[in-house]
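Step one of this worksheet: look at the structure below.
All ligand and atom numbering here is 1-based and tracks the order in the structure.
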Amino acid sequence: MSSQFPEARPRRLRRNASLRSLFQETEFSLNDLVLPIFVEEEIDDFVPINSMPGVMRIPESKLAGEIERYARAGIKSVMTFGVSHHLDGNGSDTWREDGLVSRMSRIAKDAVPEMIVMSDTCFCEYTDHGHCGVLHNHEVDNDQTLLNLGKQAVAAARAGADVIAPSAAMDGQVQAIRRALDEAGFTQTAIMAYSTKFASALYGPFREAGGSALKGDRKSYQMNPMNRREAVRESLLDEQEGADALMVKPAGAYLDIIRDIREASRLPLSAYQVSGEYAMIKFAAQAGAIDEDRVVRESLGAIKRAGADLIFTYFAMDLALAGI
Ligand code: PBG
Ligand code: ZN
């Protein structure tokens, strides 16, 4: 078959837009996207987050209206983060029946019962030291934090959260939460584990968004970004502990990890395009260096192509308003 003609001509299937879309391998839709939101108590107006242009803290009093607006645009799911004014050493507001974690789920589910509400389950936005658990001799006490995670998860489930999403990066957190939920009668409340969560510099803007009090870092509980084998191990541990779905966070710089976990587990897999990934795209677009809409679609498409079923992204509402 040697001739002056190429043996293969992949360009045949790229000749026009119809052919290209017919042969496109990867797609995403609103069914795949979760919008993370920040809700602040005791304020009256939206607060812009400077490090995340276009994202605002939502006053609790306007949460119901916002959830209705998201639903009208076609958003199917939100993940709630609270910006608390009630900080203490343990983050005890999180398990109060009338605390912010519970109120966010209650308000969102009352406003739009079909909206899938995922409750971020951690303490860093409710502790006065900003760590994701209880401090003991300057270290985060794993097992004491597990007890509190169980209490928070039950409170959120009682308030109507569909999915508990533990992000504290404590060992055994999925098992502890599953047991606490089951014992309280919430056998149908799902757990979306932040199963492979790296100690990433890409969370920078989130600290402003959440008003974090943290001094120092989370490297004694979140993962070393350089570790690929451990990344798979962490997600498989959460699967054994009873997670209903897994997550890789951040997403864009960890596509190899998404692929590894996709091949190691049959559970649904999500990926979290975090605040720093959002900010990099926004600021580069604002500087005129890139086309925002195209880069957003390319970044999300790449995350799906790597093997994610769901994507947490702050761009979800922009895409919904664009009609996807
Ligand atoms: C805290 C938490 C963080 C994010 C979600 N939950 C920050 C952190 O671990 O420091 C990051 C989200 C983002 O950057 O978009 N448990
Ligand atoms: Zn945390």
Side-chain angles (χ1 to χ4, degrees), residues 33-39 49-57 78-84 87 89-95 100-101 104 118-135 140-142 145-146 148-149 152-153 156 163-171 173-174 177 192-225 234 247-254 270-282 299-300 303 311-317:
L33 304 183
V34 182
L35 174 67
I37 57 172
F38 302 98
V39 181
I49 298 163
N50 297 324
S51 54
M52 301 176 73
V55 179
M56 313 250 237
R57 291 188 190 173
V78 296
M79 165 101 94
T80 55
F81 290 96
V83 181
S84 174
L87 311 181
N90 302 331
S92 65
D93 186 67
T94 57
W95 61 82
L100 182 55
V101 168
M104 290 188 293
M118 304 198 187
S119 188
D120 180 81
T121 302
C122 196
F123 300 99
C124 47
E125 287 156 289
Y126 301 84
T127 52
D128 47 23
H129 45 70
H131 277 290
C132 299
V134 181
L135 276 190
V140 177
D141 183 327
N142 194 84
T145 302
L146 292 185
N148 295 346
L149 281 166
Q152 179 181 164
V163 178
I164 302 301
S167 64
M170 294 297 119
D171 293 336
Q173 66 183 8
V174 170
I177 287 172
M192 158 71 73
Y194 283 72
S195 51
T196 296
K197 182 174 182 182
F198 293 97
S200 173
L202 291 164
Y203 306 150
F206 178 93
R207 304 274 163 91
E208 179 193 341
S212 173
L214 183 70
K215 295 188 193 70
D217 60 54
R218 307 196 197 287
K219 290 180 187 169
S220 78
Y221 38 107
Q222 299 178 350
M223 267 196 62
N224 183 338
E234 280 279 11
M247 189 200 296
V248 174
K249 180 187 170 192
Y254 297 86
S270 64
Y272 196 140
Q273 184 181 54
V274 301
S275 57
E277 299 178 80
Y278 176 88
M280 289 195 295
I281 294 174
K282 275 284 174 184
S299 68
L300 298 178
I303 293 164
I311 306 175
F312 293 78
T313 175
Y314 301 99
F315 291 112
M317 190 57 182

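For the pair H129 (side chain) and A213 (backbone), a donor-acceptor distance under 3.5 Å is absent. When atom types are taken as modelled, the side chain of D93 and the backbone of L100 share a donor-acceptor pair closer than 3.5 angstrom. Between the side chain of S195 and the main chain of M247, a donor-acceptor pair closer than 3.5 Å is present. Side-chain atoms of Y221 do not come within 3.5 Å of backbone N or O of V140 as any donor-acceptor pair. The backbone N or O of N50 lies less than 3.5 Å from a partner atom in the side chain of E208, making a donor-acceptor pair. Without hydrogens or angle criteria, T145 side chain to V134 main chain gives a donor-acceptor distance under 3.5 Å.
The nearest protein atom to atom 14 (O) of ligand 1, hydrogens excluded, is given as S275 OG, 2.7 Å; this is a heavy-atom distance. Nearest protein heavy-atom contact of atom 8 (C) of ligand 1 is R218 NE, 3.4 Å. Closest protein heavy atom to atom 1 (C) of ligand 1: C124 SG, 3.2 Å. For atom 12 (C) of ligand 1, the closest non-hydrogen atom on the protein side is F206 CD1, 3.2 Å. In this structure, the protein non-hydrogen atom closest to atom 9 (O) of ligand 1 is Q222 NE2, 2.7 Å.
Of the options M79, K249, E277, the smallest heavy-atom separation from atom 4 (C) of ligand 1 is shown by K249.
Ring pair F198/Y254 is parallel by interplanar angle, where below 30° counts as parallel and above 60° as perpendicular.
In this model, no donor atom of one side chain and acceptor atom of the other lie less than 3.5 Å apart for E277 and S299.
Partners of S92 according to the side-chain hydrogen bond (donor to acceptor under 3.5 Å, both in side chains) rule, which considers only residues two or more places apart in sequence or in another chain, are D88.
A heavy-atom distance below 4.5 Å is not found between the side chains of V274 and F206. With a 4.5 Å cut-off on side-chain heavy atoms, R57 and F81 do not count as touching.
By the criterion of a heavy-atom distance under 4.0 Å, the side chain of K197, and not its backbone, is placed next to ligand 1. Counting heavy atoms under 4.0 Å from ligand 1, residue Y278 does not touch it at all.
Ligand 1 places these atoms under 4.0 Å from at least one heavy atom of S167: 6 (N), 16 (N). Distances below 4.0 Å separate heavy atoms of C122 from the following atoms of ligand 1: 16 (N). Ligand 1 places these atoms under 4.0 Å from at least one heavy atom of R207: 8 (C), 10 (O). Residue contact check: Y314 has heavy atoms under 4.0 Å from atoms 12 (C), 13 (C), 15 (O) of ligand 1.
A cation-pi arrangement, defined by a distance under 6.0 Å to the six-membered ring centre and an angle within 45 degrees of its axis, is present between K197 and Y203.
The shortest separation from a heavy atom of F81 to ligand 1 is under 4.0 Å, placing the residue in contact.
Note on the Zn ion (ligand 2): protein N/O/S atoms under 2.8 Å are C122 SG, C124 SG, C132 SG.
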